[in-house]
Amino acid sequence: MKLEKAAAQLEALGNPTRLQLYRTLVRAGDEGLPVGRVQETLGIAASTLSHHLKRLVDTGLVTQERQATTLICRANYPSMNALIGYLADECCADGKCAPAAKGVAA
């Protein structure tokens, strides 16, 4: 993964609404969610949702598929895994890793 792509994806996820949206789609699994269900779940206006979805689609983190009149949104898992891998690939390459923290909650 190139630095510019990773930076764009991280920037897109840096917005609280987009991060919540993305996590909702990640939780939905491969089936994804219809846009209407996402809107209901997040409780945001359609225009706001559209704006945030566009940003996630443009960075490759989310895909969309039209099924008749329904637009299905899905997390792009290969893209997510590539970003996570990019962040972790060189962990401790230039030094010693800190001991694993016990009982740390995210």
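Follow the hydrophobic side-chain contacts under 4.5 Å out from Y77 and you never reach I72; the two are in separate clusters. When hydrophobic clusters are built by joining Ile, Leu, Val, Met, Phe, Trp and Tyr residues whose side-chain heavy atoms come closer than 4.5 Å, directly or via intermediates, L71 is grouped together with L42.
Shown here are the salt bridge (Lys or Arg N to Asp or Glu O under 4.0 Å) partners of E11, two or more places apart in sequence or in another chain: R55.
The distance from atom NZ of K54 to atom NE2 of H51, rounded to the nearest 0.5 Å, is 9.5 Å. Between Q20 atom CD and I44 atom CD1 the span is 8.0 Å, to the nearest 0.5 Å. Between atom CE of residue M1 and atom OG of residue S79 there is a gap of 5.0 Å, rounded to the nearest 0.5 Å. Atoms CG and OG1, on L19 and T24 in that order, are 9.5 Å from each other to the nearest 0.5 Å.
T17 has its side chain out of reach of L49: every pair of non-hydrogen atoms, C-beta onward, lies at least 4.5 Å apart. Counting only heavy atoms from C-beta outward, the side chains of L53 and V38 never approach each other to under 4.5 Å.
Closest approach of T59 and K5 over heavy atoms only: O-CE, 4.2 Å. Heavy-atom minimum distance, A28 versus L33: CB-CG, 3.6 Å. Shown here for L56 and A12, the closest heavy-atom pair between the two residues is CD2-CB, 4.2 Å. For the pair V62 and C73, the tightest heavy-atom approach, listed with the atom from each and the gap, is CG1-CB, 4.4 Å. Contact detail for L61 and Y22: the closest heavy-atom pair is O-CE1, 3.2 Å. Taking all atoms of both residues into account, the shortest heavy-atom contact from A75 to V26 is CB-CG2, 3.8 Å.
Around the CD atom of E90, the shell of radius 6.0 Å holds no more than 12 heavy atoms that belong to other residues, nucleotides or ligands.
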Side chain to side chain contact (heavy atoms under 4.5 Å, CB included) between M80 and N76, worked out: CA-CA 6 Å; M80 177 185 75; N76 183 345; over 6 Å; no

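Each of Q64, E65, E31 was evaluated against R74; a single residue qualifies, E65, per the side-chain hydrogen bond (donor to acceptor under 3.5 Å, both in side chains) test.
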